[in-house]
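Just so we're on the same page: letters track the sequence lines, and every chain starts at 1.
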Protein chains: 2
Amino acid sequence: MRATTIHGANDIRVEEVPDAAVRQPTDAVVRVELACICGSDLWAYRGVAKREGGARIGHEFIGIVEEVGGDVSSVQVGDRVIAPFVWSDGTCAYCAAGLQTSCPEGGFWGSKGSDGGQGEAVRVPHADGTLVRVPSDAEAKLLPAFLSLSDVMGTGHHAAVSAGVGPGSTVAVVGDGAVGLCGVLAAKRLGAERIIAMGRHEDRAAVAKLFGATDQVSVRGEAAVEQIKELTGGLGATSVLECVGTEQSWTTAMDIVRDGGRIGYVGVPHEMPGLPLGKLFGRNINVGGGVAPARAYLPELLADVLAGRIDPSPVFDKTVSLDDVAAGYQAMDERTALKVIVKP
Amino acid sequence: MRATTIHGANDIRVEEVPDAAVRQPTDAVVRVELACICGSDLWAYRGVAKREGGARIGHEFIGIVEEVGGDVSSVQVGDRVIAPFVWSDGTCAYCAAGLQTSCPEGGFWGSKGSDGGQGEAVRVPHADGTLVRVPSDAEAKLLPAFLSLSDVMGTGHHAAVSAGVGPGSTVAVVGDGAVGLCGVLAAKRLGAERIIAMGRHEDRAAVAKLFGATDQVSVRGEAAVEQIKELTGGLGATSVLECVGTEQSWTTAMDIVRDGGRIGYVGVPHEMPGLPLGKLFGRNINVGGGVAPARAYLPELLADVLAGRIDPSPVFDKTVSLDDVAAGYQAMDERTALKVIVKP
């Protein structure tokens, strides 16, 4: 079969790799219908996050079950399924607690010995604990929305949950990537009253507005902090969604959060110094989040997508074939695309 | 009047200072019945936290209202009152939200221009927003318990609340000072199922047990981490109360908290490097807390003290007169006393 591999900075290829196959009785093989490229894939693409030459890549996909091992009972051949961005056994204490990202049997797609999502098919370990079945009568136009639940929408939701968003919250979202925009949608879904989106790109601001942003702040740094303070009676936001992961984005997050408020963070930390505890202490700022347990959130978010209550699909603004996956990376790297679907 | 002053490391004196007096119509003057010495006062005593020579000190006291300004309505002359460790106006958005420590009109006892708690009397700014009246028929034996509500018990409670302690929680408490012990009591009060106290002092372990600790870990570092993992099925504690504020205590806290768990911290950070966000990210560890809004917690904790449901007073194990306050500092510094009452 053919799958995407990464050989170094800016070196994305599509190569012939061994066919995905059932190796354990708990495995399934999923034929990929749609995959996509994640902002976090760009860290590898830019050479910041190191990958072994020729490593598989891609961790978001939906598809059709093609084969199942003897112990798999929750999905059958022919089922359409969503794969969260880590697999998990579904039986351990962490899976039971809804923190599948800490499952000792879990792992990331594309890690050594596993298939990546940006390919024709994927061997799925612990299929029962990992895959979520989509009803067979779901409309095909919902496929991109389903795909968003494998990572970005679950991750934006995790930011909002970790930031304590609820009815009446005043929310600010740092980062206008696909995750930040999904954070806006998640905050709206959780009942936030005021949602301040931040970012300079007009097209992204339009998606933020569609998703429920009540205000847009297009300046940066100190000017952004001032503007958000003005919008919030001088106090700042009760909940801040940190969806970037850099020192600058964290500085902004800490400056715009209200004393006693919460920062929910899902931006993978890159080149970050430690958090200044003394600064958080005096102001009682809470910090929560991390790698999102997308699997835990899938059932409730899927129910809302199926019922038409949320539609995260506008975060996708470009589709490429598997052969053209490198062009998809380039478009995201150059910010001519927000988030790219890969169609094998 | 006479009050405690600090002139440098290990240099605590009792000196004649200007009488406490009403200066603003919102002020009250409180004649101190009992004050006490805080673990955080020791940072100044040891010369780690700098103070201006001759600065007042002490921020925990209860007493009798001796005089009130024209605008004070919630307390009267003769009332017994508890003062939380910061004053606050009681009217701003932060006071309304129960975060009186962020009140823009608030301040710390002993800061420049204000009286400290370890003296004969204290001018209380914003008396209506600050002081909490004790029913006139309260028994005198409860005075030490009332005194604990000015800081340590409220602070231990803040650690527990910030760590998300609730019915069924598995809690570990880092630090066996008076705040850590009050954290044990607060965790018990909030319904924790398992409470692991840490520390090597047998007398403190006895108080921890009295307060509700189910387990005591008397080793430190790696050995402590191993023991707590063993006690918790390999997972660690769902809630960790960080009641010290040093790099070592934080390392322990992060090592013993369960993935997805919460660290509630109230130890004033000293010589702390930044928190390692990358380490927290992968394990979804939440961090909350800071300087405790003792004023917010006073009514519910006072009700429990009055009803006999909690009694934090065993954290006090020595009483000195105001003249002997320096001996009280020395006893706490040398750890021959856990927490010292100062009786003017």
Next on the checklist: Under the criterion side chain to side chain contact (heavy atoms under 4.5 Å, CB included), I'd like the reasoning laid out for B:N286 against A:N286: C-alpha separation, chi angles, the key distance, then a yes or no.
Outcome noted: CA-CA 8 Å; B:N286 301 275; A:N286 300 276; over 6 Å; no
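- Ranked by heavy-atom pairs shorter than 4.5 Å toward chain A, the options B:G288, B:P293, B:P273, B:P269 are led by B:P269.
- Per-residue heavy-atom pair counts under 4.5 Å with chain A were compared for B:G278, B:G282, B:G289, B:G260, and the maximum is reached by B:G289.
- Counting heavy atoms from C-beta outward, A:T101 and B:R283 have side chains that stay 4.5 Å or more apart.
- Within the 4.5 angstrom heavy-atom criterion, only side-chain atoms of B:L99, from C-beta onward, approach chain A.
- For B:L235, the parts sitting under 4.5 Å from any heavy atom of chain A are the backbone and the side chain alike.
- Residue contact with chain A, scored on non-hydrogen atoms closer than 4.5 Å, involves the backbone and the side chain of B:V268 alike.
- Each of A:S162, A:G233, A:A97, A:G267 has some count of heavy-atom pairs under 4.5 Å with chain B, and the biggest count is that of A:G267.
- Heavy atoms closer than 4.5 Å to chain B are found nowhere in A:H270, neither backbone nor side chain.
- Sparse packing is recorded around CZ of A:R220, with 12 or fewer heavy atoms of other residues, nucleotides or ligands lying under 6.0 Å away.
- Between atom CG of residue A:L277 and atom CD of residue B:E242 there is a gap of 8.0 Å, rounded to the nearest 0.5 Å.
- Looking at B:R258, both its backbone and its side chain come within 4.5 Å of chain A, counting heavy atoms on both sides.
- To the nearest 0.5 Å, atom OH of residue A:Y265 and atom CG of residue B:N284 are 7.0 Å apart.
- In A:E300, the CD atom is crowded: over 12 heavy atoms of neighbouring residues, nucleotides or ligands sit closer than 6.0 Å.
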